[in-house]
There are 2 protein chains.
Amino acid sequence: MYQKKIERTLDCGVVLTKEVLHGKWKSTLLHFIARGVQRPSDLQRAIPSATRRVLNIQLNELEQHGLIGKTIYPQLPPKVEYNLTSLGESLLPVIDAMEQWGNEHRATLEPLLAANPNAQAEASA
Amino acid sequence: MYQKKIERTLDCGVVLTKEVLHGKWKSTLLHFIARGVQRPSDLQRAIPSATRRVLNIQLNELEQHGLIGKTIYPQLPPKVEYNLTSLGESLLPVIDAMEQWGNEHRATLEPLLAANPNAQAEASA
DNA sequence: CGGGATCCAGCTCGATACTG
DNA sequence: CAGTATCGAGCTGGATCCCG
């Protein structure tokens, strides 16, 4: 996503995947869409911590990245549904692996994450 | 990593994993350490796109998160080696899944990623 | 060789309000 | 219900220099 002048080797493939998943809620969105939560308002309800604005931005990016598809029903009130594309589905194993690992090590990680605000900012304080 | 007032549900485990992997080079670092690249200078050489500063910062975070261990040999010149902890090793399936997916879909993704600078900044231009 | 400090630009995200 | 615009704050990472 960022990177400036340096060439873009995309080193090991991991970087590529990270770029696709970059955005605070993208992987979560995929996770829920995969589970049948397809409408914006439902997604919003599923991820209350995020704003509609951010959700929309990341939804758009996911769409542009070809991971999800969007269906607009020209109704009143408007109705929109998102769905995984085959590319998006191919990413599910990764998401699931993350999901599983996160859940498995939650007990171990939460204290560590909490205790580690951020290195750089701390230094300058 | 960020998040302010809203409670920290860590929704689906994915979020947790993402936090651990947060940092541009962390997953890449894990990837290489897993492959036997253990010394700072070697890692630096393996990931030339990153600065030593950032590498160190993220290495420290990985260590504090319990994903890697650090061995300091009190020599002259100094010698340091990083290694995966069992927690770090347990994350390898995830990294590998990312690695694999990224490589498999590289051809599809690169054009899309390139064509999609970022939604928000564009809007304000 | 390894590590840290400073300075600084860029990006991401949250809050809020508004339109169709 | 869906989507966007603006404002602002925070964090991340790059460049560079210096110390053990």
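Side chains are part of it too, since the values below use all heavy atoms of this structure and drop only hydrogens, waters and symmetry mates.
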In this structure, how many angstroms lie between the [atom2] atom of [N] and the [atom1] atom of [X], rounded?
| X | N | atom1 | atom2 | answer |
| --- | --- | --- | --- | --- |
| B:Glu61 | D:dC11 | CD | P | 12 Å |
| A:Glu19 | C:dC11 | CD | P | 13 Å |
| B:His22 | C:dC11 | NE2 | P | 15 Å |
| B:Leu55 | C:dG3 | CG | C1' | 12 Å |
| B:Ile47 | D:dG14 | CD1 | C1' | 15 Å |
| A:Lys18 | D:dT12 | NZ | C1' | 11 Å |
| A:Tyr82 | D:dC1 | OH | P | 15 Å |
| A:Gln44 | D:dG3 | CD | P | 12 Å |

So does A:Lys70 get a side-chain nitrogen or oxygen closer than 4.0 Å to the phosphate oxygens (OP1/OP2) of D:dG3?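 For A:Lys70, the contact criterion (side-chain N or O under 4.0 Å from OP1 or OP2 of D:dG3) is met.
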Presence of A:Asn60 side-chain N/O under 4.0 Å of D:dG3 phosphate oxygens OP1/OP2: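 No, no such contact exists.
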Students often get this wrong, so: under 4.0 angstrom with heavy atoms, is B:Tyr73 touching a base, only sugar-phosphate, or nothing?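 Touches nothing.
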Nucleotide of [options] approaching [X] most closely (side-chain heavy atoms):
| X | options | answer |
| --- | --- | --- |
| B:Lys24 | D:dG3, D:dG13, C:dG3 | D:dG13 |
| A:Ser41 | D:dC1, D:dG13, D:dG3 | D:dC1 |
| A:Pro40 | D:dG3, D:dC1, C:dG2 | D:dG3 |
| A:Gln58 | C:dG4, C:dC13, D:dG13 | C:dC13 |
| A:Thr51 | D:dC1, C:dT16, C:dC13 | C:dT16 |
| A:Trp25 | D:dG14, C:dG14, C:dG2 | C:dG14 |

Whichever of A:Pro78 and A:Asn56 has its nearest DNA chain D nucleotide further upstream toward 5':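 Here A:Pro78 is the residue nearer the 5' end.
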How long is the gap from [atom1] on [X] to [atom2] on [Y], to the nearest 0.5 Å?
| X | Y | atom1 | atom2 | result |
| --- | --- | --- | --- | --- |
| B:Arg106 | B:Thr108 | CZ | OG1 | 11.5 Å |
| B:Leu62 | B:Leu30 | CG | CG | 5.0 Å |
| B:Trp101 | A:Ile95 | CH2 | CD1 | 9.0 Å |
| A:Ile47 | A:Lys24 | CD1 | NZ | 11.5 Å |

What I want to check is whether an N or O donor and acceptor connect the side chain of B:Arg39 with the base of C:dG2 at under 3.5 Å.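 Not at all, since no donor on one side and acceptor on the other fall under 3.5 Å apart.
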No-H, no-angle donor-acceptor pair, A:Arg53 side chain to C:dG14 base, under 3.5 Å: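 Looking at the base of C:dG14, it does pair with a donor or acceptor on the side chain of A:Arg53 (distance under 3.5 Å).
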Going hydrophobic residue to hydrophobic residue with side-chain gaps under 4.5 angstrom, can you get from A:Leu55 over to A:Ile72?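 In one cluster: yes.
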